[in-house]
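Notes for the one structure printed next.
Not measured: the values here are computed from a predicted model.
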Amino acid sequence: MIAVPAGTVTLSDRRTRCRWTVDLSPYRLAAVPVTQSQYEQVTGERPSTARGERLPVECVSWVDAVRFCNALSRYEGLSPVYRLGGTGEGADWDVHADGYRLPTEAEWEHACRAGTAGPRYGPLDEIAWYRGNAQDRVHDVGGKRPNAWGLHDMLGDVWEWCWDLYDPEVYGAYRVLRGGGWSDEHWSCRASVRRRSHPTFRIDDVGLRVARSSTR
């Protein structure tokens with residue numbers, strides 16, 4: 001886990017042309033996405049289409065992701081953060097729990113940028129697996145250059161679920177995805193790009209990365 005400093009990040013949405021600023025306290029974020037090996041060790045499951053110990057787990061829904069966070073918390077003797085709702089499409093966040101959770105999208109973008117202001121934290125071919133260099137497949141985590149804070153694969157390889165609802169008034173339960181994936185064009189692999197999907201959606205270029213609140 002990488003210690004991410006407090007800061008302020010301004011998010012934007014191209015669809016609505018809205019911009020909003022979020023102040024963040026310090027938190028911790030995993031240096032790489034959750035791997036298939038880690039996911040299987042904690043849950044006993046291998047949901048991914050591709051196979052490889054160091055490949056990022058994929059074909060996991062947002063609901064799968066929050067359940068994994070709770071399972072990882074129990075595995076390490078920590079308090080689970082989430083209580084899943086009765087519909088199976090949402091969850092409540094216990095801010096007093098000390099376990100693992102998904103980053104908020106503001107936390108995700110702040111960590112991705114790592115103090116930079118441009119669309120990416122480095123030349124795309126050096127930092128990300130995307131359609132231009134991935135040869136139509138997912139790749140092992142940590143193989144590309146990290147950002148200034150030591151975080152790998154923040155762009156490319158797999159999209160990452162975030163905690164946030166995308167736009168509940170328009171899209172209901174849909175949650176935010178960030179980062180771009182191995183099959184995406186270069187314009188999707190930017191720090192500001194937001195995507196959305198239903199919390200039960202699974203596909204072979206969507207995974208997750210875990211966070212923890214630093215004050216717990």
Side-chain angles (χ1 to χ4, degrees), residues 2 4 7 9-22 29-36 48-50 52 54-62 65 102-164 166-167 171 174-198 201-209 211:
I2 301 293
V4 180
V9 62
T10 299
L11 288 77
S12 61
D13 183 81
R14 292 184 65 187
R15 181 183 62 85
T16 62
R17 298 183 180 177
C18 290
R19 292 171 61 86
W20 61 104
T21 298
V22 180
L29 190 67
V32 296
V34 173
T35 64
Q36 294 182 23
S48 303
T49 300
R54 292 284 296 170
L55 292 176
V57 69
E58 26 87 357
C59 286
V60 288
S61 69
W62 182 89
L102 297 177
T104 67
E105 68 166 323
E107 288 174 333
W108 187 95
E109 185 166 332
H110 177 57
C112 178
R113 291 187 178 280
T116 63
R120 304 181 183 95
Y121 52 87
L124 188 57
D125 281 311
E126 295 181 16
I127 64 173
W129 296 110
Y130 70 108
R131 182 171 292 188
N133 65 7
Q135 287 120 17
D136 295 321
R137 63 184 177 87
V138 69
H139 289 260
D140 285 359
V141 302
K144 290 290 187 177
R145 179 162 67 84
N147 68 15
W149 293 346
L151 296 155
H152 293 263
D153 307 313
M154 293 297 293
L155 298 176
D157 220 9
V158 290
W159 289 88
E160 298 176 10
W161 287 111
C162 292
W163 161 254
D164 308 69
Y166 179 82
D167 184 344
Y171 292 98
Y174 276 44
R175 298 283 172 162
V176 172
L177 289 162
R178 288 299 202 111
W182 57 266
S183 65
D184 284 281
E185 297 286 359
H186 61 90
W187 56 74
S188 288
C189 298
R190 292 180 289 119
S192 63
V193 170
R194 309 174 76 224
R195 189 169 287 184
R196 63 189 178 272
S197 196
H198 193 271
F201 177 75
R202 299 183 179 100
I203 197 169
D204 63 358
D205 65 349
V206 171
L208 74 147
R209 182 186 307 253

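For the pair L29 and L151, the minimum side-chain heavy-atom distance is below 4.5 Å. Contact of the H110 side chain with the T10 side chain is not registered, since no non-hydrogen atoms from C-beta on lie closer than 4.5 Å. You'll find the side chain of R195 reaches within 4.5 Å of the side chain of S188, heavy atoms only. A 4.5 Å side-chain heavy-atom check between V158 and V206 finds every atom pair outside the cut-off. Within the 4.5 Å cutoff, the side chain of S61 has no heavy atoms near those of the F201 side chain. Side-chain contact between H139 and D153: absent, with no pair of heavy atoms (C-beta onward) separated by less than 4.5 Å.
Applying the side-chain hydrogen bond (donor to acceptor under 3.5 Å, both in side chains) criterion to S197, with sequence neighbours excluded, gives no partner residue. Residues satisfying the ring pair (Phe, Tyr, Trp, His ring centres under 6.0 Å) test with W159, not counting sequence neighbours, are none. Scored by the salt bridge (charged side-chain N to carboxylate O under 4.0 Å, His left out) test, R15 finds D167 as partners (sequence neighbours excluded). Residues that satisfy the side-chain hydrogen bond (donor to acceptor under 3.5 Å, both in side chains) test with E58, not counting sequence neighbours, are absent from this structure.
Here R190 contributes atom CZ and C112 contributes atom SG; the two are 11.5 Å apart, rounded to the nearest 0.5 Å.
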Residues S183, D205; criterion side-chain hydrogen bond (donor to acceptor under 3.5 Å, both in side chains); working and verdict: CA-CA 7 Å; S183 65; D205 65 349; 3.3 Å; yes
Evaluation steps, side-chain contact (heavy atoms from CB on, under 4.5 Å), between V193 and R14: CA-CA 8 Å; V193 170; R14 292 184 65 187; over 6 Å; no
Pair L208-V60, side-chain contact (heavy atoms from CB on, under 4.5 Å): steps then yes or no: CA-CA 8 Å; L208 74 147; V60 288; 4.0 Å; yes
L102 vs W108, side-chain contact (heavy atoms from CB on, under 4.5 Å): CA-CA, chis, key distance, verdict: CA-CA 9 Å; L102 297 177; W108 187 95; over 6 Å; no
Evaluation steps, side-chain hydrogen bond (donor to acceptor under 3.5 Å, both in side chains), between S12 and S192: CA-CA 7 Å; S12 61; S192 63; 4.9 Å; no
Residues R196, D13; criterion salt bridge (Lys or Arg N to Asp or Glu O under 4.0 Å); working and verdict: CA-CA 11 Å; R196 63 189 178 272; D13 183 81; over 6 Å; no
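Sorted by first and then second residue, the pairs that involve residues 102-117 and meet salt bridge (charged side-chain N to carboxylate O under 4.0 Å, His left out), not counting sequence neighbours, are R101-E107, E105-R178, E105-R194, E109-R113, E109-R178. Residue pairs meeting the side-chain hydrogen bond (donor to acceptor under 3.5 Å, both in side chains) criterion with at least one member in residues 118-132, sequence neighbours excluded, are D125-Y130, D125-N133, E126-R145, R131-E185.
Scanning all heavy atoms of the two residues, the minimum distance from V141 to L55 falls at CG1-C, 4.5 Å. Among all heavy-atom pairs drawn from C189 and L155, the shortest one is O-CD1, 3.7 Å. Scanning both residues, P103 and D164, for their nearest heavy atoms gives O-OD1, 4.4 Å. Minimum interatomic distance between W149 and V4 (heavy atoms only, all atoms of both residues): CZ3-CG1, 3.7 Å. Between P56 and P33, the closest heavy-atom pair is CB-CB, 4.2 Å. What you find for C59 and T49 is that their closest heavy atoms are SG-OG1, 3.3 Å.
In this structure, N147 contributes its side chain and H152 its backbone to no donor-acceptor pair below 3.5 Å. Counting only distance, with no hydrogens or angles, the side chain of D157 and the backbone of A128 share no donor-acceptor pair below 3.5 Å. At least one donor-acceptor pair closer than 3.5 Å links the side chain of W182 to the backbone N or O of D204. Judged by distance alone, the side chain of R54 and the main-chain N or O of D140 form no donor-acceptor pair under 3.5 Å.
Geometric assessment of R175 against the ring of W163 yields a positive cation-pi assignment under the 6.0 Å and 45° thresholds.
Not less than 6.0 angstrom separates the ring centroid of Y166 from the ring centroid of Y174.
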